[in-house]
Amino acid sequence: MTTLQQRDAEVIVVGAGPAGSTVATYLARAGVDVLLLEKTVFPREKVCGDGLTPRGVKQLIDLGIDTSQDAGWVHSRGLRILTGDLTLELDWPELTSYPPYGVSRTRQDFDDLLAKTAVKAGARLLERTTVTGAITDATGRVVGVEAKTGEEKRPVSYRAPLVLACDGVSARLALSVGIQKNEKRPMGVAVRRYYKSPRHDDPFIEGHLELWDRSDPARPKLLPGYGWAFPLGDGTVNIGLGMLSTSKAFRSTDYRALLRQWLDGTPEEWGYREENAIGKVGGAGLPMGFNRTPHYRDGLLLLGDAGGMVSPFNGEGISAAMESAQLAAESVVQALARPAGSSRERALQGYPMAVADMMGGYYRLGNVFAKLIGKPAVMRAATKYGLRINKLLPLVYKGLSGCYDAKGGDVVDRLIAAASRATPSPR
Ligand SMILES: Cc1cc2nc3c(=O)[nH]c(=O)nc-3n(C[C@H](O)[C@H](O)[C@H](O)COP(=O)(O)OP(=O)(O)OC[C@H]3O[C@@H](n4cnc5c(N)ncnc54)[C@H](O)[C@@H]3O)c2cc1C
């Protein structure tokens with residue numbers, strides 16, 4: 001057991017990305033003593049598309065963050081979808097649950113803002129502190145973390161009755177207690193780069209659904225993924241592409257070359273050319289569809305990317321990271337108000353249940369979707385016909401963007417919610 005003398009905090013949060021800073025904010029506001037450990041120093045870059053759908057914006061609003069344009073957010077009114085021969089402009093849907101606008105902001109800024117929000121709420125942020133693994137007691141329960149801190153990488157340890165893994169796709173903390181990823185669940189890979197472009201203040205974010213693998217010119221293959229352009233309003237656009245692991249081409253694709261090849265085929269006046277590029281192409285993995293579970297075990301909760309919470313439908317992970325943070329905070333606050341033991345454990349088990357309830361069924365559908373579009377013929381049919389049937393369009397749009405009312409809503413919302421409920425959550 002962790003004794004009071006050994007305790008450095010009531011809760012240790014590892015990683016100050018969207019999941020970590022959000023949960024630290026909620027916990028600190030509830031009066032919990034939170035230690036937030038982060039390996040980098042803010043402000044720092046994070047490879048990302050920098051875009052949030054209305055689902056993510058709701059999370060910012062819940063946190064009490066001013067999402068107005070005056071506060072530095074670039075608003076999008078909807079999504080422009082482009083295929084080889086079709087362009088559709090779709091406003092974000094009018095919903096009860098989510099606002100009718102998306103936002104973009106570089107992660108350099110965004111993560112700094114969220115970390116400052118956590119500190120303002122009372123969380124103790126320690127930067128330049130890399131957690132190397134969990135400390136467990138004789139029963140295997142996580143009671144703290146080992147870390148290296150400062151420029152000299154001094155070994156330190158911190159103890160708390162609860163530890164929250166918010167360390168992203170590397171999931172070092174979960175791995176240190178043997179929580180492996182499920183190889184059967186889809187993964188994604190995404191790369192991005194910034195370009196100076198006259199399209200920097202386009203009111204729509206853009207999704208290009210046709211990415212072709214032309215490595216064998218005689219047999220070009222349509223890849224299961226999409227390219228994006230997210231305007232940042234400051235003269236630049238974040239451009240990138242993401243692809244699913246469910247296709248045969250996943251491991252053999254040179255993503256940087258694919259990005260170059262795709263952008264070379266876009267109109268010259270858009271400016272997506274080498275001479276307008278800023279910085280290097282950055283890339284990282286997208287852990288999807290709950291590919292790492294259980295989300296709670298023996299004093300350790302997994303949030304966001306550490307729990308494989310990127311949407312298999314669209315590669316969006318910020319909103320899920322923040323949603324999981326909101327749910328985790330609720331369970332942790334309840335748990336800490338109970339005596340250690342079975343009653344507290346019951347409260348903590350509420351977290352994986354709540355996460356499964358919110359996104360489990362939807363992600364299970366997404367895992368099936370990812371498997372299906374991994375087949376080039378299905379992907380081709382989906383882009384060719386799926387977007388041309390007007391009656392199907394709201395279903396495709398709301399389903400893929402995750403922007404639907406889980407309760408109430410119109411016929412389409414009810415259909416997606418019912419399908420998600422009927423599909424058991426992956427475990
Ligand atoms: C190219 C690309 C584009 C993307 N585009 C989008 C997009 O447009 N919209 C969207 O919603 N999602 C996007 N995603 C996904 C999104 O980036 C992630 O889902 C999201 O960042 C997850 O948040 P998180 O807090 O769980 O993890 P992270 O954002 O990865 O944060 C983890 C934090 O933990 C810290 N950390 C890691 N290891 C340790 C350690 N051992 N000790 C201490 N600290 C540690 C890291 O420095 C970091 O601050 C994209 C991903 C990629 C790769």
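Every number for a ligand or one of its atoms is a count from 1 in the order of the listing. Side chains included, hydrogens not; waters and symmetry mates left out as well; all remaining heavy atoms used. All of these numbers come straight from a predicted model, not from anything done at the bench. Residue numbers count from 1 along this sequence.
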Below 4.0 Å, non-hydrogen atoms only: which portion of [X] touches ligand 1? Side chain, backbone, both or neither.
X: Leu286; value: side chain
X: Cys166; value: backbone
X: Leu173; value: neither
X: Met309; value: neither
X: Asp167; value: both

Of all the heavy atoms in [X], does at least one lie under 4.0 Å from an atom in ligand 1?
X: Pro18; result: yes
X: Leu52; result: no
X: Thr129; result: yes
X: Gly283; result: no
X: Gly240; result: no

Between [options], flag the one that comes closest to [atom] by a heavy atom.
atom: atom 48 (C) of ligand 1; options: Met322, Lys148, Glu38, Arg107; value: Glu38
atom: atom 9 (N) of ligand 1; options: Gly402, Ser104, Gly51, Gly49; value: Gly51
atom: atom 12 (N) of ligand 1; options: Ala16, Gly317, Ala321; value: Gly317
atom: atom 30 (O) of ligand 1; options: Arg44, Glu316, Arg192, Lys46; value: Lys46

Task: Flag for Asn182-Asn291: side-chain donor and acceptor within less than 3.5 Å - done: no
Can I get a per-line list of side-chain donor-acceptor pairs under 3.5 Å for residues 14-22, giving both atom names and the distance, sequence neighbours left out?
| unit_1 | atom_1 | unit_2 | atom_2 | d |
| --- | --- | --- | --- | --- |
| Ser21 | OG | Ala16 | O | 3.4 |
| Thr22 | OG1 | Pro18 | O | 2.5 |

Open item on the list: With respect to Lys39, determine whether any N or O atom, backbone or side chain, lies less than 3.5 Å from an N or O atom of ligand 1.
Closed with: yes
